[in-house]
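Order of the sequence lines sets the chain letters (A, B, ...), proteins ahead of strands, with each chain counted from 1.
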Amino acid sequence: MAQISLTFPDGNSRSYDAGVTAGDVASDISPSLRKKAISATVNGAHYDLQWPIDTDAQIAINTMKDEAPALELVRHDLAHIMARAVQDIWPDTQVTIGPVIKDGWYYDFDRKEPFTPEDLGLIEKKMKEIINKRDDVRTEIWDRTRAVQYYTDRGEPYKVELIDSIPGNEPLRMYWHGDWQDLCRGPHLQNTGQVPADAFKLMSIAGAYWRGDSTRPMLQRIYGTAFTNKDALKDHLHRLEEAAKRDHRKLGREMNLFHMQEEAPGQVFWHPDGWTIYTELQDYMRRRQRAGGYVEVNTPQVVDRKLWEKSGHWDKYQENMFIVEVDEEHAREKAVNALKPMNCPCHVQIFNQGLKSYRDLPLRMAEFGSCARYEPSGALHGIMRVRGFTQDDGHIFCREDQIEPETARFIAFLSRVYADLGFNDWTIKLSTRPEQRIGSDATWDMMEKALGDACRAAGYDFELLEGEGAFYGPKLEFTLTDAIGRNWQCGTLQVDANLPERLDAEYIGTDGEKHRPVMLHRATLGSFERFIGILIEEHAGKLPFWLAPRQVVVATIVSDADDYARELVAALTAAGVRAEADTRNEKINYKVREHSVGKVPVILAVGAREVEERTATARQLGENQTRVVTMDEIVAELRLRATPPDLL
RNA sequence: GCCGCUGUAGCUCAGCUGGUAGAGCACAUCAUUCGUAAUGAUGGGGUCGGGGGUUCGAAUCCCUUCAGCGGCACCA
């Protein structure tokens, strides 16, 4: 039998018969390692202890102390254990797939009766029983016919369909947790007893389409979370609780920023304090864009369907548009309009006014454009996904050779803005040509390369989303993360040669001939609604001073200080600080608590002493100490802090 | 849009197997002028998301509809 050489992390090698398993190797090292071992890393790949190794390789035996493989195995084995538990309790349930995801796993089931929240407790209990049985995990490779026959006999059509979709050259691996069998790539633990019985929890039940396809059956998904020990689970659950406190919907209500109501689903009623954030942010963006070489425009809300037909949106997105029909008394036809779902066709109308020269390019046109999209009811989410929103939209009309420099310029612009707003952790995704597309491959090559090169030129890495681009061009997505880890696309840049064509945009080139410009659709914040939602969550409501809707409260301790408090407020207001006096007949404790809960960054307490000395006792949100400052000092200090970052 | 859950005073929530709604906070009034996270007393406020039905009687049961939440699908 052929011999292979396995090299361990410490550099030592041992020689084994080809086909040796990592389990054998672990035994060879020591019986105690064999017992503790959970898997092996073989040439960087994650191996089950039962899989044969056929070639020379680097090998490391993993134990529960190796976090990454341990988490993957624990979660994956739990997925199987959960599926076994569910089928134990409800034998008429069909199993489908159950992958490992961030922080845990899920498994999708097909069962007539819906699972209830109480069922989760039952399933957890059954899972613990299975873990305590310490059943061995076995694996075998089966041929297709046998596997298909097996699942057909067992009435598991989903598994049969899965097998059919696995490429023919891939082996079909079966796993058994005790006598419960599942088709699975592996790897898995040695026995169910290796799963910590106190470090997992079933989290929720949800619907999910089979294979992510809305035309296929809706399955029931159970989500679980798991870690390698009880404390890690506890920490994770604690983090979730903390994150829930940062939810913009909760803070929006508590801080009295906005509300939404039944009569206008998916649309925001901005309250004074919320609107202050909005306008402050908008003013900032307006200044940044002006400095960035944009011209600002504004275009109509209600636009005849003819334009949407021309742009192609009527065909593709009619279902998602708010249609406005107007009966003119003498009109032969009813006028059919749509609330604009986007600004680009309108911007092209402005571009098309008058002849444009190559000298006008790149023409950067910006609009705080209010759009309405009839989003599916289930898509709505607080102010992050709404039906009425305002984009910080912009379109750059340019030549093909300007795509890359303009994109690099935009990325630099965006990163400046994000940094000003406190975001350093964001990612770029590059979506490339989809199956259904227009334009030649050469054009797509050029556009994709321009975007990728621009990212690299700007010094940013990006994730490639193959086939996720729009039908007319590739796009960059700039993604931020909310309090509970959901990712949201905020900024975007899309290349589009289609719309200028459809709407006849053209410019005169150096040759005196007419040419088509390319359009770059771009947004930095994306929409004010979504971005403010993210902003609230990122800062847990404690916004940077310049964005805080209520920046300073001057709280009196005795009513004799009322006049002085008003004087202080007047001085702060004159210095451009949002200040208000709280002269209510309440104790200072009460006022401090109320405004702290309200996330006011600075509370200035004034009593007899302060009136006498013309000072204030300042307290910064989140700090317990106070400091005494003179009126002039505090006005100067807060004037500076209230200055937006671009004006510093 | 799909699956599931939820919908009771401004907010957070209680209300068992059906018998005409309750708490805390908030709010109002009065008293208190009290130095850094809730001063006390008194009081007003809801017909239980909307519509329909069953019943002698429904917040509690059924149907329907709307909205929200958790996912899935969608996201120009």
- [ ] Kindly say if A/R609 contacts the phosphate of B/rU36, meaning a side-chain N or O under 4.0 Å from OP1 or OP2.
- [x] no

Task: N-O pairing of A/R593 and A/E586 below 4.0 Å - done: no

Task: Separation between the C1' atoms of B/rA21 and B/rA14, rounded to whole Å - done: 11 Å

TODO: Consider the side chain of A/E262, meaning its heavy atoms from C-beta on, and name the nucleotide among B/rC66, B/rC72, B/rA76 that approaches it most closely.
DONE: B/rC66

TODO: Give the rounded distance in Å between these two atoms: NZ of A/K429 and C1' of B/rC75.
DONE: 13 Å

Task: Identity of whatever pairs with B/rA76 - Watson-Crick or G-U, under 3.5 angstrom - done: none

Open item on the list: Rounding to an integer number of Å, can you tell me how far A/I603 CD1 sits from B/rG35 P?
Closed with: 16 Å

Open item on the list: How many whole angstroms separate atom CD of A/E254 from atom P of B/rC25?
Closed with: 17 Å

TODO: Please report, rounded to the nearest Å, how far the P atom of B/rG35 is from the CG atom of A/D582.
DONE: 16 Å

Open item on the list: If only side-chain N and O atoms count, and only distance matters, is there a donor-acceptor pair under 3.5 Å linking A/W90 with A/E113?
Closed with: no

Less than 3.5 Å apart, which donor and acceptor atoms pair up between the side chains of residues 597-610 of chain A and the rest of the protein, not counting sequence neighbours?
residue	atom	partner	partner atom	Å
A/E610	OE1	A/G607	N	2.7
A/E610	OE2	A/T617	OG1	2.5

Open item on the list: Under 4.0 Å, heavy atoms only, any strand: does A/E468 hit a base, just the sugar-phosphate, or nothing?
Closed with: nothing

TODO: Measure from the side-chain heavy atoms of A/P265 and tell me the nearest of B/rG68, B/rG1, B/rA76.
DONE: B/rG68

Open item on the list: Given the structure, check if the side chain of A/T626 and the base of B/rU36 hold any donor-acceptor pair shorter than 3.5 Å.
Closed with: no

- [ ] Name the nucleic acid region contacted by A/F115, choosing base, sugar-phosphate or nothing; use a 4.0 angstrom heavy-atom cut-off, strictly under.
- [x] nothing

Open item on the list: Please name the nucleotide paired to B/rU55 by Watson-Crick or G-U wobble geometry with both distances under 3.5 Å, or report none.
Closed with: none

Open item on the list: Under the criterion of centre distance below 5.5 Å and interplanar angle below 30°, is A/Y317 classified as stacked on the base of B/rA76?
Closed with: yes

- [ ] Name the closest nucleotide to the A/R486 side chain, picking from B/rG71, B/rG35, B/rC72.
- [x] B/rG71

TODO: Could you tell me whether A/A605 contacts a base, only the sugar-phosphate backbone, or nothing, with contacts defined as non-hydrogen atoms closer than 4.0 Å?
DONE: base

- [ ] Write down the distance separating the C1' atoms in B/rG46 and B/rC16, rounded off to the nearest Å.
- [x] 22 Å

Open item on the list: Using Watson-Crick or G-U wobble geometry with both distances under 3.5 Å, which nucleotide pairs with B/rG43?
Closed with: B/rC27

- [ ] Please work out if A/F471 contacts a base, only the sugar-phosphate, or nothing of the nucleic acid, heavy-atom cut-off 4.0 Å.
- [x] nothing

- [ ] Would you please indicate yes or no on a ring centroid separation below 6.0 angstrom for A/W308 and A/Y317?
- [x] no

Open item on the list: Pairing check on B/rC34: which nucleotide meets the Watson-Crick or G-U wobble criteria with it, both distances under 3.5 Å?
Closed with: none

Task: C1'-based separation of B/rA59 from B/rC74 [nearest Å] - done: 37 Å

Open item on the list: For a quick check of understanding: with a heavy-atom distance under 4.0 Å over all strands, which category does A/A555 fall into, base, sugar-phosphate or nothing?
Closed with: nothing

Open item on the list: Using the side-chain heavy atoms of A/K475, tell me which of these nucleotides is nearest: B/rG70, B/rC75, B/rA76.
Closed with: B/rA76

Open item on the list: Distance check, P atoms only: B/rG15 and B/rU55, in whole angstrom units.
Closed with: 29 Å

TODO: Identify whether any heavy atom of A/T617 sits under 4.0 Å from a base atom; if not, whether one sits that close to sugar-phosphate; answer base, sugar-phosphate or nothing.
DONE: base

Open item on the list: Counting only side-chain nitrogens and oxygens, does A/S377 get under 4.0 Å of the OP1 or OP2 atom of B/rG1?
Closed with: yes

Open item on the list: Please report the distance separating the P of B/rC62 from the corresponding atom of B/rA23, rounded so that it comes out in whole Å.
Closed with: 29 Å

Open item on the list: Once you apply a heavy-atom cut-off of 4.0 Å, does A/P114 come out as touching a base, just sugar-phosphate, or nothing?
Closed with: sugar-phosphate

TODO: Could you tell me the separation between the CG atom of A/D108 and the P atom of B/rG70, rounded to a whole number of Å?
DONE: 19 Å

Task: Watson-Crick/G-U partner (both atom distances under 3.5 Å) of B/rA14 - done: none

TODO: Give A/R249 one of three labels, base, sugar-phosphate or nothing, depending on what nucleic acid heavy atoms sit under 4.0 Å from its own.
DONE: sugar-phosphate

Task: Check: A/E463 and A/T479 side chains under 4.5 Å, non-hydrogen atoms - done: no

- [ ] For A/G312, report the nucleic acid contact type (base, sugar-phosphate, nothing); a contact means any heavy atom under 4.0 Å.
- [x] nothing

Open item on the list: Which nucleotide wins on minimum distance to the side chain of A/N320, given the candidates B/rG35, B/rC72, B/rA76?
Closed with: B/rA76

Open item on the list: I'd like to know if the side chain of A/E367 and the backbone of A/D393 have a donor-acceptor N/O pair within less than 3.5 Å.
Closed with: no

Task: P gap between B/rC48 and B/rG10, integer Å - done: 13 Å

Open item on the list: So does A/T299 get a backbone contact from the side chain of A/K340, meaning a donor-acceptor N/O pair under 3.5 Å?
Closed with: yes

TODO: May I have the distance from A/H259 (atom NE2) to B/rG68 (atom C1'), rounded to whole angstrom?
DONE: 14 Å

Task: Interatomic distance, A/H271 NE2 vs B/rC11 P [rounded to whole Å] - done: 11 Å

- [ ] With heavy atoms under 4.0 Å as the rule, sort A/H381 into base, sugar-phosphate or nothing.
- [x] sugar-phosphate

Task: Axial cation check for A/F227 ring with A/R75, 6.0 Å and 45° limits - done: yes

Task: Opposite nucleotide pairing with B/rA9, Watson-Crick or G-U, both atom distances under 3.5 Å - done: none

- [ ] Determine the Euclidean distance between corresponding C1' atoms of B/rU17 and B/rA41; express it in Å to zero decimal places.
- [x] 41 Å

Task: Opposite nucleotide pairing with B/rU60, Watson-Crick or G-U, both atom distances under 3.5 Å - done: none

Task: Spacing of A/D560 atom CG relative to B/rC34 atom C1', expressed in whole Å - done: 13 Å

Open item on the list: Looking only at the aromatic ring of each residue, does the gap between the centers of A/Y418 and A/F478 stay below 6.0 angstrom?
Closed with: no

Open item on the list: Taking only the C1' atom of each, what is the distance from B/rG22 to B/rU60 in whole angstrom?
Closed with: 15 Å

Would you be so kind as to tabulate the donor-acceptor pairs closer than 3.5 Å made by side chains of residues 522-530 of chain A, with sequence neighbours excluded?
residue	atom	partner	partner atom	Å
A/R522	NH1	A/Y294	OH	2.9
A/R522	NH2	A/D392	O	2.9
A/S527	OG	A/R530	N	3.0
A/E529	OE1	A/T390	N	3.0
A/R530	NE	A/M384	O	2.8
A/R530	NH1	A/Q489	O	2.6
A/R530	NH2	A/M384	O	3.3

- [ ] Check for a donor-acceptor pair, side chain of A/T407 on one end and backbone N or O of A/L451 on the other, with a separation under 3.5 Å.
- [x] no

Open item on the list: Any strand counts, and the cut-off is 3.5 Å on both contacts for Watson-Crick or G-U wobble. Which nucleotide pairs with B/rC2?
Closed with: B/rG71

Task: Presence of A/R253 side-chain N/O under 4.0 Å of B/rU12 phosphate oxygens OP1/OP2 - done: yes

Task: Among B/rG70, B/rC72, B/rG35, the one nearest A/S204 by side-chain distance - done: B/rG70

Each nucleotide N or O in nucleotides 37-47 of chain B that has a protein N or O under 3.5 Å away: list the pair and distance.
residue	atom	partner	partner atom	Å
B/rA37	O4'	A/R593	N	3.4
B/rA37	N7	A/R619	NH2	3.1
B/rA38	N9	A/R593	NE	3.3
B/rA38	N7	A/R593	NE	3.1
B/rA38	N7	A/R593	NH1	3.4
B/rA38	N6	A/R593	NH2	2.5
B/rA38	N1	A/R593	NH2	3.2

